[in-house]
Visitor: 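Okay, handing you the structure first.
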Amino acid sequence: KEPTKVTVFDVDYVVAKLGENEVVALEDKCPHKAAALSQGRVTASGKFQCAYHGWSFDGTNGKCVEIPQIVKPDGTMPSVVPSKSCAKAVPAQVHQNMVWLFPGGGLEEALLAPPPPTVKEVDELGFRMTT
């Protein structure tokens, strides 16, 4: 549940593992002031939170779910958050204990793409992976 910065094809992403086989990824840039989301945290509800001003984003779709500076007096968010406040989500999945990102498009394109390659040695007894 820690935000981790990875770079693929010279683009920085922030990735977090939420469950055993659930990962989420965003471009590592807050839309507000371009701060690195990887310097922030993952909230208890599994959202990426920017360290700079506290904006929070849903890692599955990039939607901005909280902007502390515009919370209403009753503690709720406005019903409409500007679309330019959203981060860019990147489809991600775990396959053979490795995280795979699909930087080539959105979820619809990722679902049509072939699955990540399977390395048969990874499933063999005695295989070790070192990071």
Visitor: Applying side-chain contact (heavy atoms from CB on, under 4.5 Å) to Tyr52 and Cys30, what does each step give before you reach the verdict?
Guide: CA-CA 9 Å; Tyr52 193 47; Cys30 179; over 6 Å; no
Visitor: Report the distance from atom SG of Cys50 to atom CG of Leu37, rounding to the nearest 0.5 Å.
Guide: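 So the gap between those two atoms works out to 5.5 Å.
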Visitor: Verify the cluster assignment for Met98 and Val6: are they in a single hydrophobic cluster under the rule of side-chain heavy atoms below 4.5 Å apart?
Guide: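 Met98 and Val6: separate clusters.
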Visitor: Within a radius of less than 6.0 Å around NZ of Lys47, do more than 12 heavy atoms belonging to other residues, nucleotides or ligands occur?
Guide: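 Result for NZ/Lys47: enclosed.
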Visitor: Please determine whether the number of non-hydrogen atoms from other residues, nucleotides or ligands lying under 6.0 Å from atom CD of Glu124 exceeds 12.
Guide: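 Yes, because the 6.0 Å sphere around CD of Glu124 holds more than 12 heavy atoms from other groups.
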Visitor: How close do Lys29 and Ala34 get, heavy atom to heavy atom, and via which atoms?
Guide: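 Looking at all heavy atoms of both residues, the shortest contact is CG-CA, 3.6 Å.
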Visitor: Is it the case that over 12 heavy atoms from other parts of the model lie below 6.0 angstrom from the CG atom of Asp123?
Guide: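 Enclosed.
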Visitor: Decide side-chain hydrogen bond (donor to acceptor under 3.5 Å, both in side chains) for His32 and Ser85; before the verdict, give the C-alpha distance in whole Å, the side-chain angles of both, and the deciding distance to 0.1 Å.
Guide: CA-CA 7 Å; His32 178 224; Ser85 301; over 6 Å; no
Visitor: NE2 of His95 to CD of Gln93: how many Å apart, nearest 0.5 Å?
Guide: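 So the gap between those two atoms works out to 7.5 Å.
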Visitor: Grouping I, L, V, M, F, W and Y whenever their side-chain heavy atoms are under 4.5 Å apart, do Val15 and Val8 come out in a common cluster?
Guide: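 Yes, Val15 connects to Val8 through the hydrophobic network.
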Visitor: Given the rule that I, L, V, M, F, W and Y join up when any side-chain heavy atoms are under 4.5 Å apart, are Phe57 and Val23 in one cluster?
Guide: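 Different hydrophobic clusters.
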Visitor: Is Leu107 reachable from Leu112 through a run of hydrophobic residues whose side-chain heavy atoms are each under 4.5 Å from the next?
Guide: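 Hydrophobic grouping puts Leu112 apart from Leu107.
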Visitor: If you group Ile, Leu, Val, Met, Phe, Trp and Tyr by side-chain heavy-atom gaps below 4.5 Å, do Tyr13 and Phe48 land in one group?
Guide: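 No, separate clusters.
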Visitor: Whether Lys63 and Asp58 form a salt bridge (side-chain N of Lys/Arg under 4.0 Å from carboxylate O of Asp/Glu) is what I want to check.
Guide: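 Salt bridge absent between Asp58 and Lys63.
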Visitor: List the steps and the verdict of side-chain contact (heavy atoms from CB on, under 4.5 Å) for Val119 and Gln96.
Guide: CA-CA 8 Å; Val119 180; Gln96 291 188 306; 3.9 Å; yes
Visitor: To the nearest 0.5 angstrom, please state how far the OG atom of Ser38 sits from the NZ atom of Lys5.
Guide: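 One finds 5.5 Å between OG of Ser38 and NZ of Lys5.
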Visitor: Distance check, rounded to the nearest 0.5 Å: Glu66 atom CD versus Thr43 atom OG1?
Guide: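 The OG1 atom of Thr43 is 8.5 Å from CD of Glu66, to the nearest 0.5 Å.
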Visitor: To the nearest 0.5 Å, what is the distance between CG (Leu26) and CG (Asp12)?
Guide: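 If we round to the nearest 0.5 Å, Leu26:CG and Asp12:CG are 13.0 Å apart.
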Visitor: Determine whether Pro116 and Phe102 make a side-chain contact, defined as any pair of heavy atoms from C-beta on separated by less than 4.5 Å.
Guide: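 Side chain of Pro116 against side chain of Phe102, heavy atoms only: no contact under 4.5 Å found.
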Visitor: Return yes if some donor-acceptor pair links the side-chain N/O of Glu109 with the main-chain N/O of Gly106 below 3.5 Å, else return no.
Guide: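 At least one qualifying donor-acceptor pair exists.
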Visitor: Rounded to the nearest 0.5 Å, how far does NZ of Lys1 lie from CZ of Arg41?
Guide: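 Here the interatomic distance stands at 11.0 Å.
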Visitor: Hey, is CG on Asp10 packed in by over 12 heavy atoms from elsewhere, all under 6.0 Å?
Guide: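 Not buried by this count: 12 neighbours or fewer within 6.0 Å.
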Visitor: If you look at every heavy atom in Cys64 and Cys86, which pair is closest and at what distance?
Guide: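 Nearest pair, atom of Cys64 first, then Cys86: N-SG, 3.7 Å.
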